[in-house]
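Order of appearance sets the numbers: ligands from 1, and atoms from 1 within every ligand. Predicted, not measured: the structure shown is a model, and the values here were computed from it.
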Amino acid sequence: MARFKALQTNENGGRFETSLMERDTDELPAGEVLIRVTYSSLNYKDALSASGNRGVTRSFPHTPGIDAAGTVAESSVADFSIGDEVIVTGYDLGMNTAGGFGQYIRVPAAWVIKRPVGLSLREAMALGTAGLTAALCIDKLEQAGLEPTDAPILVTGATGGVGSIAIALLSRLGYKVAAVTGKAEQGDFLRKLGATQVVERSALQAGTEKPLLKEQWAGAVDTVGGDILFNVVKSLQRGASVACCGLTAGTHFQANVLPFILRGVNLLGVDSVEIPLVVKASMWDKLSVQWKLPNLDDLVQEISLEQLPEAIERTLAGQQTGRMLVRLD
Ligand code: NDP
């Protein structure tokens, strides 16, 4: 048994408060692999969990953190030995299983991936679920026929975790990128990531009543949903696709069939959570070699567990820029 530090969200008369606690590894759920977590990262879903969203976390007290990278401390399976460096993202981690905002996690071996040789644990969590999701979006777009052309790829929620890494990856792969943001002051950050054009979010919120908009984008990564997604669908070039992965602007969107039947556009759903481990592993391999980002440090701010509650508030308010890497020392 070991004592360790963890962030814990408690419910108190309908209010949710997140603070640092001491816990024992004995209190962690059953599982084949005990991991000493070195780094985690903050994703929008963690902010939802920490604010009591029952769609993410059913019962409290709870330790959020859908991402974790660290070293195997105990293993009851032959696939993992003490000292192995590993990554866990998604499945139930941080949802209803105590997550990466604690210095230890215990999980099923079926959730665990060995760190790819080309990525450090720190780099893996600089990417985290956001990076994995951005990679899955781009992979799906390329499977649907996307290749670099003169027309840009649109990325919504551009300063967010998924959006910022999608921009960096697309730029690295030779695409032109139009970044949609609500943060006009972050133009320089987005251009440094590789955006060739910055579009104000309000431009994508207008024209919802029109059945079709001017054909502009060779493809799109949409991290926000809502009316913006509908306008993205209506402004895709003939035969182009949008990878839909997020909901910060809303879970619903109104649509009409015209973009689909007149322009043959495609709406591609992306899930990074419950997909088979082998698919996650193949994306991590890509992210560690062919798609490795040279500028990961520009994307992340490193914070401690103590600084997380404030970062969670900023994320919920849509004010966060780039990725938050969480150090668990
Ligand atoms: P972040 O909080 O890092 O970024 C979200 C960004 O969305 C913000 O930075 C902001 O960017 C934009 N935004 C915020 N509020 C609004 C709003 N009301 N309307 C329009 N845009 C808004 O989140 P993540 O990058 O971690 O996640 C993005 C989304 O993707 C989330 O909905 C998350 O749940 C989802 N997701 C889904 C996954 C999957 O497997 N399908 C995996 C990972 C994430 P800006 O100011 O630049 O416009």
Side-chain angles (χ1 to χ4, degrees), residues 40-51 53 55-57 64-67 89-91 93-95 125-140 154-169 177-191 193 195 198-206 208 221-232 242-253 267-275 279-280 283 299-301 311-326:
S40 178
S41 82
L42 176 59
N43 296 276
Y44 188 74
K45 199 173 189 180
D46 301 317
L48 291 179
S49 171
S51 59
N53 184 304
V56 178
T57 300
I66 63 171
D67 285 344
T89 67
Y91 301 119
L93 187 71
M95 292 182 68
M125 287 295 102
L127 293 163
T129 287
L132 177 66
T133 306
L136 286 163
C137 287
I138 295 166
D139 186 63
K140 217 158 189 181
L154 193 72
V155 176
T156 62
T159 65
V162 179
S164 57
I165 295 179
I167 292 168
L169 283 174
V177 185
V180 182
T181 184
K183 303 183 186 86
E185 72 285 3
Q186 293 296 344
D188 287 347
F189 168 74
L190 295 169
R191 284 189 197 89
L193 288 179
V198 177
V199 180
E200 280 199 22
R201 189 194 293 164
S202 54
L204 267 290
Q205 286 165 325
T208 44
V221 173
D222 177 59
T223 74
V224 306
D227 284 344
I228 292 177
L229 174 58
F230 184 29
N231 276 347
V232 172
V242 51
C244 152
C245 69
L247 48 71
T248 52
T251 52
H252 293 84
F253 78 108
L267 178 56
L268 310 173
V270 172
D271 164 40
S272 71
V273 180
E274 291 294 340
I275 50 174
V279 178
K280 292 187 187 182
M283 282 302 124
L299 284 170
V300 295
Q301 293 169 58
I312 287 169
E313 291 306 318
R314 282 200 306 275
T315 297
L316 284 171
Q319 289 165 354
Q320 199 61 59
T321 294
R323 294 272 300 143
M324 304 304 284
L325 178 74
V326 184

Closer than 3.5 angstrom, by distance alone: can the side chain of [X] be matched with the main-chain N or O of [Y] as a donor-acceptor pair?
{"X": "Lys183", "Y": "Gln320", "result": "yes"}
{"X": "Asn53", "Y": "Gly55", "result": "yes"}
{"X": "Lys280", "Y": "Glu274", "result": "no"}

Which residue supplies the protein heavy atom nearest to [atom], what is that atom called, and how far is it?
{"atom": "atom 4 (O) of ligand 1", "result": "Gly160 CA, 3.1 Å"}
{"atom": "atom 36 (N) of ligand 1", "result": "Cys245 O, 3.5 Å"}
{"atom": "atom 30 (O) of ligand 1", "result": "Gly246 CA, 3.4 Å"}
{"atom": "atom 31 (C) of ligand 1", "result": "Tyr44 CD2, 3.6 Å"}
{"atom": "atom 32 (O) of ligand 1", "result": "Leu247 N, 2.8 Å"}
{"atom": "atom 44 (C) of ligand 1", "result": "Val162 CG2, 3.8 Å"}
{"atom": "atom 8 (C) of ligand 1", "result": "Lys183 NZ, 3.9 Å"}
{"atom": "atom 28 (C) of ligand 1", "result": "Thr223 O, 3.9 Å"}

Specify side chain, backbone, both or neither for [X], according to which of its non-hydrogen atoms lie closer than 4.0 Å to ligand 1.
{"X": "Leu136", "value": "neither"}
{"X": "Thr133", "value": "side chain"}
{"X": "Thr248", "value": "both"}
{"X": "Arg201", "value": "side chain"}
{"X": "Ser272", "value": "both"}

Step-by-step side-chain contact (heavy atoms from CB on, under 4.5 Å) determination, Leu132 to Leu127: CA-CA 7 Å; Leu132 177 66; Leu127 293 163; over 6 Å; no

Ignoring hydrogens, what is the shortest heavy-atom contact between [X] and [Y]? Give both atom names and the distance.
{"X": "Ser49", "Y": "Val56", "result": "CB-CG1, 3.8 Å"}
{"X": "Lys140", "Y": "Leu268", "result": "O-CD1, 3.8 Å"}
{"X": "Leu204", "Y": "Asn231", "result": "O-ND2, 2.7 Å"}
{"X": "Cys244", "Y": "Leu229", "result": "SG-CD2, 4.0 Å"}
{"X": "Ala243", "Y": "Cys137", "result": "CB-CB, 3.7 Å"}

Test item: side-chain donor near acceptor, Ser164 and Arg323, under 3.5 Å: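 There is no such pair (donor and acceptor under 3.5 Å, judged by atom type) between the side chains of Ser164 and Arg323.
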
For [X], is at least one N or O under 3.5 Å away from an N or O on ligand 1?
{"X": "Gly182", "result": "yes"}
{"X": "Gln205", "result": "no"}
{"X": "Val224", "result": "no"}

Per-atom contacts, ligand 1 versus [X] - under 4.0 Å to a heavy atom:
{"X": "Thr181", "result": "45 (P), 46 (O), 47 (O), 48 (O)"}
{"X": "Gln320", "result": "9 (O)"}
{"X": "Thr129", "result": "42 (C), 43 (C)"}
{"X": "Gly161", "result": "1 (P), 3 (O), 4 (O), 25 (O)"}
{"X": "Thr315", "result": "2 (O)"}

Verdict with supporting geometry, Tyr44 and Leu247, side-chain contact (heavy atoms from CB on, under 4.5 Å): CA-CA 10 Å; Tyr44 188 74; Leu247 48 71; 3.9 Å; yes

Heavy atom of Lys45, distance to ligand 1 below 4.0 Å: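 Contact absent.
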
Heavy-atom gap Ala158 to ligand 1 smaller than 4.0 Å: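 Distance cut 4.0 Å: Ala158 passes for ligand 1.
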
Candidate with minimal heavy-atom separation from atom 41 (N) of ligand 1, of Ile165, Val199, Val270, Asp222: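 Nearest option to atom 41 (N) of ligand 1, by heavy atoms: Val270.
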
Residue that, paired with Met125, satisfies side-chain contact (heavy atoms from CB on, under 4.5 Å) out of Asp67, Val326, Val300: Asp67

Min side-chain heavy-atom separation Leu136-Ile275 under 4.5 Å: yes

Whether over 12 other heavy atoms sit under 6.0 Å from Glu200 CD: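 Count not over threshold, so no.
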
